[in-house]
Amino acid sequence: MADNSVSFLADRSGKTFVAGHGGMVGSAVHRRLTDLGFTNIVVRTRAELDLTRQQDVEAFFDSERPCYVIVCAARCGGLHASMAAPAEYLTENLNITVNVLSAAHRCGSVRKLLFLAGATIYPEDAPQPIPESALLSGPPAPGSEWYGIARIVGIKMCQAYRAGHGMDAIAAVPNNIYGPREPFSTELTHVVPALIRRFHHAKVTGTPETVVWGSGTVLREFTHVDDLVDAMLLLMDKYSDAEHVNVGSGVEVTLRELAETVKEVVGYHGRVVWDVGRPDGVPRRLLDSSKMRQLGWEPKVALQHGIMKLYQFYLAHKSMT
């Protein structure tokens with residue numbers, strides 16, 4: 001185990017397990033740690049370690065005995081994906097959460113653990129901007145609960161291991177993260193990559209109009225994955241408390257405004273038709289991220305610039321999608 005007097009960012013030889021390094025957030029964490037000179041990063045593909053299998057997860061922790069654990073692993077996607085496979089979203093995420101956190105505690109080597117949750121933990125009628133204290137003030141919004149309940153369990157497990165065993169387990173709650181990922185996300189995933197795919201396809205095929213799901217009137221907050229990673233590493237280095245911490249850009253746009261921005265970036269000149277028969281989800285979800293800002297974090301990537309970077313990534317990798 002690493003020396004407890006050394007902070008996370010100073011302990012670059014400490015064995016660090018990034019769970020879910022193949023996903024958007026996990027891969028961004030892995031890249032950043034590598035760039036910072038971390039020399040003992042441990043990762044496993046799903047073929048090498050299925051985090052839904054308790055015995056395998058326990059054997060991995062007993063063998064590797066990591067000092068730090070960053071839990072990005074999850075089955076995740078947009079509202080439509082969650083509603084299409086509720087049992088899978090609930091059970092797979094619960095299994096991953098319980099297996100990883102319990103094994104991290106059991107092995108006895110973990111000095112610090114960060115669990116990544118998501119804004120779907122909050123109830124539909126939460127005050128806006130949503131403070132951390134709104135957790136469990138009501139049920140998660142319909143359609144989002146299958147993912148949100150597993151994230152709530154993770155936060156509560158961090159709190160339970162901290163209270164009962166003194167484990168330094170913390171949780172971060174981001175809101176609508178977007179950024180590069182290989183292969184590029186499908187239509188059943190989050191809204192930004194779905195819009196990029198849809199508008200690009202319409203542009204290259206000369207389609208005069210493109211259908212987008214929902215009314216376009218709901219408000220959403222988007223945070224680039226690089227900004228999220230900055231927050232996560234700051235929390236790993238500086239934060240040690242039971243309450244989870246919100247991470248959001250603080251900038252809201254309607255989905256109609258978002259679609260127009262993506263359309264402009266892609267260079268599509270056709271008409272956008274909104275399919276109001278599709279569900280919108282909650283009308284507004286803005287996080288109160290004042291606690292994160294008090295720790296010294298500020299987002300750096302403006303939404304339009306982030307979308308431009310993501311479209312460039314898509315053009316470079318679309319043969320893989």
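When a residue number appears, it is its place in the shown sequence, counting from 1.
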> Thr39 and Arg12: side chain to side chain contact (heavy atoms under 4.5 Å, CB included), yes or no, with the steps?
Replying inline: CA-CA 6 Å; Thr39 59; Arg12 306 202 177 182; 5.6 Å; no

> Does any donor atom in the side chain of Gln159 or Lys156 lie under 3.5 Å from an acceptor atom in the other side chain?
Replying inline: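 Their side chains do contain a donor-acceptor pair, which is all the 3.5 Å distance test asks for.
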
> Going through the checks in order, is the side chain to side chain contact (heavy atoms under 4.5 Å, CB included) test met by Asp168 and Arg111?
Replying inline: CA-CA 7 Å; Asp168 193 359; Arg111 178 182 165 203; over 6 Å; no

Qualifying residues under side chain to side chain donor-acceptor pair (under 3.5 Å), relative to [X], sequence neighbours excluded:
X      : result
Thr205 : Thr207
Asn246 : Tyr122
Tyr268 : Thr210

>> Does this structure show an ion pair linking Arg162 with Asp241, if we count only N-O contacts that are shorter than 4.0 Å?
In response: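 A salt bridge is absent here (no side-chain N lies under 4.0 Å from a carboxylate O).
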
> Less than 4.0 Å between a side-chain N and a carboxylate O, is that true for Glu298 and Arg293?
Replying inline: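 Counted as a salt bridge, because a side-chain N and a carboxylate O are separated by less than 4.0 Å.
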
>> Aromatic contact between Phe8 and Phe38, with the criterion being ring centroids under 6.0 Å apart: yes or no?
In response: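 Judged by ring-centre distance (under 6.0 Å), Phe8 and Phe38 do meet the cut-off.
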
> Are His200 and Tyr311 near enough that their ring centres are under 6.0 Å apart?
Replying inline: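 For His200 and Tyr311, the ring centres are under 6.0 Å apart.
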
>> Using only atom types and a distance under 3.5 Å, with no angle test, would you say the side chain of Arg285 pairs donor to acceptor with the backbone of Glu124?
In response: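 No; zero donor-acceptor contacts below 3.5 Å.
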
>> On a heavy-atom basis, which atom in Gly216 and which in Thr254 lie closest, and how many Å separate them?
In response: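 Result for this residue pair: O-CB, 3.5 Å.
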
> At their closest point, which heavy atom of Pro140 faces which heavy atom of Thr120, and how far apart are they?
Replying inline: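 Closest approach of Pro140 to Thr120: CB-O, 3.5 Å.
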
>> Is there a side chain to side chain contact (heavy atoms under 4.5 Å, CB included) between Val173 and Glu132? Walk through the geometry before answering.
In response: CA-CA 9 Å; Val173 178; Glu132 285 88 354; over 6 Å; no

>> Evaluate Phe60 against Asn99 for side chain to side chain contact (heavy atoms under 4.5 Å, CB included), listing each step before the verdict.
In response: CA-CA 11 Å; Phe60 166 80; Asn99 291 346; over 6 Å; no

> Side-chain contact, heavy-atom cut-off 4.5 Å: Pro174 with Thr223?
Replying inline: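 No. Closest side-chain heavy atoms not under 4.5 Å.
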
> Checking salt bridge (Lys or Arg N to Asp or Glu O under 4.0 Å) for the pair Arg53/Asp50: CA distance, chi angles, key distance, verdict?
Replying inline: CA-CA 6 Å; Arg53 296 175 59 88; Asp50 185 346; 5.2 Å; no

>> Tell me every residue that passes salt bridge (charged side-chain N to carboxylate O under 4.0 Å, His left out) with Glu209, counting only those two or more places apart in sequence or in another chain.
In response: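 Result, salt bridge (charged side-chain N to carboxylate O under 4.0 Å, His left out) vs Glu209: Arg271.
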
>> Please determine whether the number of non-hydrogen atoms from other residues, nucleotides or ligands lying under 6.0 Å from atom NE2 of His269 exceeds 12.
In response: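 Check fails, neighbour count at 12 or below.
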
>> Taking CD in Gln55 as the centre, count heavy atoms belonging to other residues, nucleotides or ligands within less than 6.0 Å. Is the count above 12?
In response: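 No, because the 6.0 Å sphere around CD of Gln55 holds 12 heavy atoms or fewer from other groups.
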
Throw together a table of side-chain donor-acceptor distances under 3.5 angstrom for residues 145-155, partners on residues two or more places apart or in other chains.
unit_1, atom_1, unit_2, atom_2, d
Glu145, OE1, Gly143, N, 2.5
Arg151, NH1, Leu116, O, 3.0
Arg151, NH2, Thr97, OG1, 3.2

> Considering residues at least two apart in sequence or located in another chain, which fulfil the side chain to side chain contact (heavy atoms under 4.5 Å, CB included) criterion with Ala85?
Replying inline: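 By the side chain to side chain contact (heavy atoms under 4.5 Å, CB included) rule, Ala85 matches Arg75, Glu88, Tyr89.
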
